[in-house]
Amino acid sequence: MPELPEVETTRRQIAPLLVGRRIERVETTAASYFFLTAPQDLIRALAGRRVDALDRRGKYLVARLDEGARLLLHLGMTGQLFSSEAASVRLLSSTARASLAPEEQLEFEPDQHTHLRITLEGRGPQIYFRDVRKFGKVQWLAPGVANERLDRLGPDALDVTGEWLFEASRGRRVAVKSLLLDQRIAAGVGNIYADEALFLAGVRPGRGARRVTRRECHKLAESLRQVLQRSIETGGSSISDYVAPDGSDGGYQDERKVYGRKNEPCLVCGTAIRRRVIGQRSSHYCVACQS
DNA sequence: ACCGCACCCTGAGCGC
DNA sequence: TGCGCTCAGGGTGCGG
């Protein structure tokens, strides 16, 4: 699901519910791939802690806790971090949706995919972290301890410069699309926004990174920023699973130029948008507008 | 160092 | 209805 704009939207909405408040209780599902910190350790470490800040690094959310520890969250493909007061059909299975009467309440009840349930002290909703595929991650970081996942990240995609992209792409034989998806190059870029930025920059996703000119790298950096910022303004893209913490959909799926538009006409020139797998990810582009 | 690929997991949607 | 297949906003680890 979630790329930089969705994670940033999540951060902005969740922060007011968390920051400055103490965690009273945490409930989890059973140990799994999802828990980089074992559920029992997590429960013990978080109880009583106050959340001092909620930061974003690429696609990671990092909660800073009192006493110096940190809580790392990653939404993976299908992660949903939301308030217990959120209501959305995206939080229901398709069978549940089908049996839903038109006027029926969409109130969410924690299910087997709801891996974290955080109760805060005082009044206010609970915070739920639900993730069907469990590609998401949660990890508790002890005070002063570095984390290699975070340390691997390159500059945030919003801060990437054309010169940085140019230098990073010299000698690289991989497709430029794959380079953009490398979190060491531009943290936060994912499949949708890589395709969208490449379209805006007029560069085909399959072109070898080393064949992208300096001028194009500058255009690409600018396109990334533009696409990501616009998506943040609209609350991100809600394509299958993503919901904002308040249960609302994003708006950027309506502004996509290429992603998921296979065989549809290019909005600039009318040529049918092509889909091709590049680096194991589906990629969308216009053969006329992009070279 | 770089590159391509298998794999982690679950569900939706499709053709038959 | 059911089966088998493909696909999905991500990331890691392996071997060549």
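These figures come from a predicted structure and were not determined experimentally. Reminder, nothing fancy here: chain letters follow the sequence lines and each chain counts from 1. Basis for what follows: all heavy atoms, side chains included, without hydrogens, waters or symmetry-related copies.
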For [N] and [X] - does any side-chain N or O of the residue sit under 4.0 Å from the phosphate oxygens OP1/OP2?
X        : N      : answer
A/His74  : C/dG11 : yes
A/Lys59  : C/dG11 : yes
A/Gln183 : C/dG11 : yes
A/His113 : B/dG11 : yes

Quick test of your reading of the model: are [X] and [Y] salt-bridged, counting only N-O distances below 4.0 Å?
X        : Y        : result
A/Arg207 : A/Glu216 : yes
A/Asp66  : A/Arg22  : yes
A/Arg50  : A/Glu67  : no
A/Arg225 : A/Glu222 : yes

Just the rounded figure in Å: distance from [atom2] of [N] to [atom1] of [X].
X        : N      : atom1 : atom2 : result
A/Leu73  : C/dG11 : CG    : P     : 14 Å
A/Asn147 : C/dT12 : CG    : C1'   : 14 Å
A/Arg152 : B/dC2  : CZ    : P     : 15 Å
A/Gln80  : B/dC9  : CD    : C1'   : 15 Å
A/Asp131 : B/dC8  : CG    : P     : 16 Å
A/Phe135 : C/dG13 : CZ    : C1'   : 14 Å
A/Leu75  : C/dA8  : CG    : P     : 20 Å
A/Arg90  : B/dT10 : CZ    : P     : 22 Å

### Message
Please report whether the ring centroid of A/Phe34 lies less than 6.0 Å from that of A/Phe129.
### Response
yes
### Aromatic contact, A/Tyr193 with A/Tyr252 (centres under 6.0 Å)
yes
### Task
Treat a base pair as Watson-Crick or G-U wobble with both distances under 3.5 Å, then lay out DNA chain C in dot-bracket form, 5' to 3', with | for cross-strand pairs.
.|||||||.|||||||
### Task
Consider the side chain of A/Met77, meaning its heavy atoms from C-beta on, and name the nucleotide among B/dA12, C/dA8, C/dT12 that approaches it most closely.
C/dA8
### Message
So if I take every side-chain heavy atom of A/Gln280 and compare against B/dT10, B/dC5, B/dC8, which nucleotide ends up nearest?
### Response
B/dC5
## Note on the structure
Here the residues of residues 156-178 of chain A within 4.0 Å heavy-atom distance, strictly under, of DNA chain C are none
Is [X] touching bases, backbone alone, or none of the nucleic acid, heavy atoms closer than 4.0 Å?
X        : answer
A/Tyr193 : nothing
A/Arg184 : nothing
A/Ser282 : sugar-phosphate
A/Lys137 : nothing
A/Ser238 : base
A/Arg275 : sugar-phosphate

### Message
Between the base of B/dC8 and the side chain of A/Tyr33, is there a donor and acceptor pair under 3.5 angstrom?
### Response
yes
### Message
Looking at A/Arg274, I'd like to know if its CZ atom is crowded, meaning that more than 12 non-hydrogen atoms belonging to other residues, nucleotides or ligands lie closer than 6.0 Å.
### Response
no
### Query
Within a radius of less than 6.0 Å around CZ of A/Arg173, do more than 12 heavy atoms belonging to other residues, nucleotides or ligands occur?
no
### Task
Take A/Arg56 and A/Thr10 through the side chain to side chain contact (heavy atoms under 4.5 Å, CB included) test and state the conclusion after the steps.
CA-CA 10 Å; A/Arg56 182 185 59 76; A/Thr10 298; over 6 Å; no
### Query
Say you pick atom P in C/dC3 and the same atom in B/dC9; how far apart are they, in whole Å?
22 Å
### Message
Regarding A/Ser32 and A/Lys134, do their side chains bring together a donor and an acceptor under 3.5 Å, going by distance alone?
### Response
no
### Task
Check whether NZ of the Lys or CZ of the Arg A/Arg204 lies under 6.0 Å from the centre of the six-membered ring of A/Tyr285 and within 45 degrees of that ring's axis.
no
